Amino acid sequence: MNICQLLDQHVSAAFSAVKLPENTPTVIKPSARINFGHYQVNGVMGAAKKLRTNPRALAMQIVEQLDLEIIANKVEVAGPGFINIHLKPAWLAQQLEQASKNSDRIGVNTAKSRMTVVVDYSGPNLAKEMHVGHLRSSIIGDAVVRVLEFLGHKVIRQNHVGDWGTQFGMLIAHMQDQQQSGSDLAVKLADLESFYRESKLRFDQDADFATAAREYVVKLQSGDEQCKALWQQFIDISLQHCDDVYQQLNVSLQRSDVMPESAYNADLPHVISDLDTQGLLTHSDGAQVVFLDELKSKEGSAFPAIVQKSDGGYLYSTSDLAALRYRHSSLQADRVMYFVDARQSLHLQSVFLIAQKAGFVSEAMLLEHLPFGTMMGKDGKPFKTRAGGTVKLTDLLDEAEQRAYNLVSEKNPDLDEAEKQLIAHKVGIAAVKYADLSKNRSSDYIFNWDSMLSFEGNTAPYLQYAYTRINSIFKKAGQYDSHATLQLDKAEEQQLGLKILQFEEALQYVAKDAMPNMLCNYLYELSSHFMTFYEACPILKADQATKDSRLKLAGLTADTLKIGLDLLGIEVMERM
């Protein structure tokens, strides 16, 4: 359930009763400190300023109109006009009892208004292997996708991979030469990064090779069978690399979610002709351009969005327009979310504007660019190898698992080898993902092995350990009455119970703003509340009724942790 929404209904009714100005925000937030109640209404002072009245007196009028008898046992005015709401322990227990009836959802409702949401994320360039630059798009996008699905929306994953253009002519030319020289092409393609570097070096240094590469691009685009076969061979191997990374990373993208640039080739001439028919195109130096007054420069000139080059070639903007048209007409999207780094902001802004002007999308469709910052090294610069090169994503993940293995072996040397490997995989991958997801999406962050693998603080190992610790309590407890009546007599029990009930609020924040760090913060706070509860409220030594109640509360905590971590793409384990 969403307690904020429930309280908002009551507070809004009270605002209307005292005739506050229309659209006065209720601003209901969980209280920072328990002595201020469980929730606080902070919108009164702004309304009082508009009405030129005393905010405390206005808050008193609102409290008189608030009908919270069933929900709250105390509603008070504090300070200059804050309204503090203390929820009834019996009401909290009742809501938790309802939540406990379905351990797969913990009381989380599905969305009343179900949307079709297209999510564009990961999007590697298939000319080479995935590198650390693809990490953020892949895992942030995947966490948001999982949350949207959990809330009941229809989500269509779109992995807009780069599989076309000059670089593929270069690769085909190199593949052709390797075949003719008798090299084992399969062996060569096992390391796509090296193969790409070899091709690029020849392209930059050998004019004849560069010419041949450009000719292969033309052949590929014209449907030459031999070129297409070589291209397809390369694409299949590259996609398998991506699949392997997604599996290791526990990202839910499948091969069926791939919608490559090449899928839109047939529509690109129609995009140009339709833009021309609507009078949006300008012929400029041989190129076809859409000038956008909405994106004027400081000098006042309109932004030139090139959609076709002077040589007749198309650009990313052209295929992105075709993709948007497809997402509107074929996928019937209500909302399209792009998890693409911040440097593409102007590009996507121009594409969205053109698509709207041309009627490629409806006015009601939500188009969102959800940018993210950069993963930085300890030196404050973009994360690189010691030699200054790009870090392969597989290398990073393998190192994470190895570091976690060393840590597990040190802490639990008696575990058998298979279990060590399994724990190392889950902990290592979780550490990398959570270190990223727990940061504000739009910010850069420093990549640090020591902090992300720590069992203290807001880290994946801490949360995974919190889950296993709760499981260990149940192993010690043995049989208990899972249908026992919940008793929330102590403040620590109430705080933990309330935090469990705030799960839906956290998920709705993620769905609305595409900020997985809101869910990370929630899960960390939930774990912290559990530790406070565990220290203040003995479980195994309590009388039977209290013991059963507290075990039930512990079980709800574990279920919430497991579901929440799963929505982040993080696995838990019974012991660590």
Side-chain angles (χ1 to χ4, degrees), residues 115-121 123 125 156 158-168 217-218 220-223 259-371:
M115 300 179 77
T116 296
V117 188
V118 171
V119 186
D120 186 323
Y121 68 109
N125 177 359
I156 302 173
Q158 293 280 272
N159 194 356
H160 189 80
V161 300
D163 69 337
W164 210 243
T166 303
Q167 56 194 340
F168 287 95
V217 174
V218 177
L220 180 61
Q221 291 176 342
S222 62
M259 192 64 179
E261 286 180 43
S262 61
Y264 304 106
N265 284 342
D267 193 39
L268 300 187
H270 301 300
V271 168
I272 300 301
S273 62
D274 289 349
L275 291 173
D276 192 27
T277 299
Q278 296 186 57
L280 293 171
L281 284 186
T282 299
H283 197 68
S284 178
D285 295 327
Q288 299 289 353
V289 184
V290 179
F291 285 97
L292 297 168
D293 290 326
E294 295 88 345
L295 299 177
K296 284 184 178 178
S297 65
K298 292 180 181 178
E299 293 74 29
S301 57
F303 176 77
I306 303 172
V307 291
Q308 188 171 26
K309 296 185 289 186
S310 57
D311 63 3
Y314 303 107
L315 293 96
Y316 290 128
S317 57
T318 328
S319 57
D320 282 338
L321 285 167
L324 264 178
R325 182 149 72 171
Y326 167 76
R327 291 165 184 182
H328 167 62
S329 61
S330 297
L331 301 182
Q332 299 183 324
D334 301 306
R335 181 184 187 187
V336 185
M337 307 173 76
Y338 288 77
F339 289 91
V340 180
D341 82 33
R343 291 170 295 182
Q344 299 299 317
S345 178
L346 183 59
H347 163 73
L348 285 174
Q349 205 176 347
S350 66
V351 167
F352 293 168
L353 278 169
I354 296 169
Q356 289 164 340
K357 283 174 174 284
F360 292 170
V361 299
S362 67
E363 291 182 7
M365 184 190 283
L366 297 173
L367 302 176
E368 301 172 69
H369 174 210
L370 302 154

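Since the structure is predicted, the reported quantities are computational estimates derived from the model, not experimental observations. Residue numbers start at 1 and run along the sequence shown.
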Problem set entry | Flag side-chain contact, heavy atom, 4.5 Å: V117 against I156 | no
Seminar exercise, completed: The side chain to side chain donor-acceptor pair (under 3.5 Å) partners of Y314 (sequence neighbours excluded) come to none
Problem set entry | Least distance between heavy atoms, L315 atom then Q308 atom | CD1-N, 3.8 Å
Problem set entry | I306 to A287 - nearest heavy-atom pair and separation | CG2-CB, 4.2 Å
For this session: Check the side chains of E299 and S297 for a donor-acceptor pair under 3.5 angstrom, ignoring hydrogens and angles.
Result: yes
For this session: Check whether any side-chain heavy atom of D293 lies under 4.5 Å from a side-chain heavy atom of K296, and answer yes or no.
Result: yes
For this session: Apply side-chain contact (heavy atoms from CB on, under 4.5 Å) to M115 and L366, showing your working.
Result: CA-CA 11 Å; M115 300 179 77; L366 297 173; 4.1 Å; yes
For this session: Looking only at non-hydrogen atoms, find the nearest pair between G162 and F168 and report the distance.
Result: O-CZ, 3.6 Å
Exercise. For P260, does its backbone N or O pair with a side-chain atom of D163 as donor and acceptor, under 3.5 Å?
Worked result: no
Exercise. S319 side chain to Y316 main-chain N or O, any donor-acceptor pair under 3.5 Å?
Worked result: yes
Exercise. Taking all non-hydrogen atoms of both residues, which atom of H160 and which atom of E261 are closest, and how far apart?
Worked result: NE2-CG, 3.8 Å
Problem set entry | Check: L281 and V289 side chains under 4.5 Å, non-hydrogen atoms | no
Problem set entry | Residues Q221 and N265: side-chain donor-acceptor under 3.5 angstrom | no
Exercise. Within the distance-only criterion (no hydrogens, no angle test), does the side chain of H369 pair as donor or acceptor with the backbone N or O of Q349 below 3.5 angstrom?
Worked result: no
Exercise. Where do Y326 and Q158 land on the side-chain contact (heavy atoms from CB on, under 4.5 Å) test, with the steps shown first?
Worked result: CA-CA 11 Å; Y326 167 76; Q158 293 280 272; 3.8 Å; yes
Exercise. Could you go step by step and tell me if Q167 and N125 meet the side chain to side chain donor-acceptor pair (under 3.5 Å) rule?
Worked result: CA-CA 10 Å; Q167 56 194 340; N125 177 359; 3.1 Å; yes
Problem set entry | Full working for side-chain contact (heavy atoms from CB on, under 4.5 Å) between V118 and R335 | CA-CA 6 Å; V118 171; R335 181 184 187 187; over 6 Å; no
Exercise. Which class fits the ring pair Y338 and F352: parallel under 30°, tilted 30 to 60°, perpendicular over 60°?
Worked result: tilted
Exercise. Do H347 and Q344 come close enough that some side-chain heavy atom pair is under 4.5 Å?
Worked result: yes
For this session: Find out whether L370 and Y121 are in side-chain contact, i.e. whether some heavy atom of one side chain is under 4.5 Å from a heavy atom of the other.
Result: no
Exercise. Within a reach of under 6.0 Å around CG of D285, are more than 12 heavy atoms found that belong to other residues, nucleotides or ligands?
Worked result: no
Exercise. Which pair of heavy atoms, one from A322 and one from L268, lies closest together, and at what distance?
Worked result: CB-CD2, 4.0 Å
Exercise. Under 4.5 Å between any side-chain heavy atoms of V290 and L353, yes or no?
Worked result: no
Problem set entry | Donor-acceptor under 3.5 Å (D334 side chain, T116 main chain) | yes
Exercise. Where is the tightest heavy-atom contact between F303 and S350, given as atom of each residue plus distance?
Worked result: CE2-CB, 3.7 Å
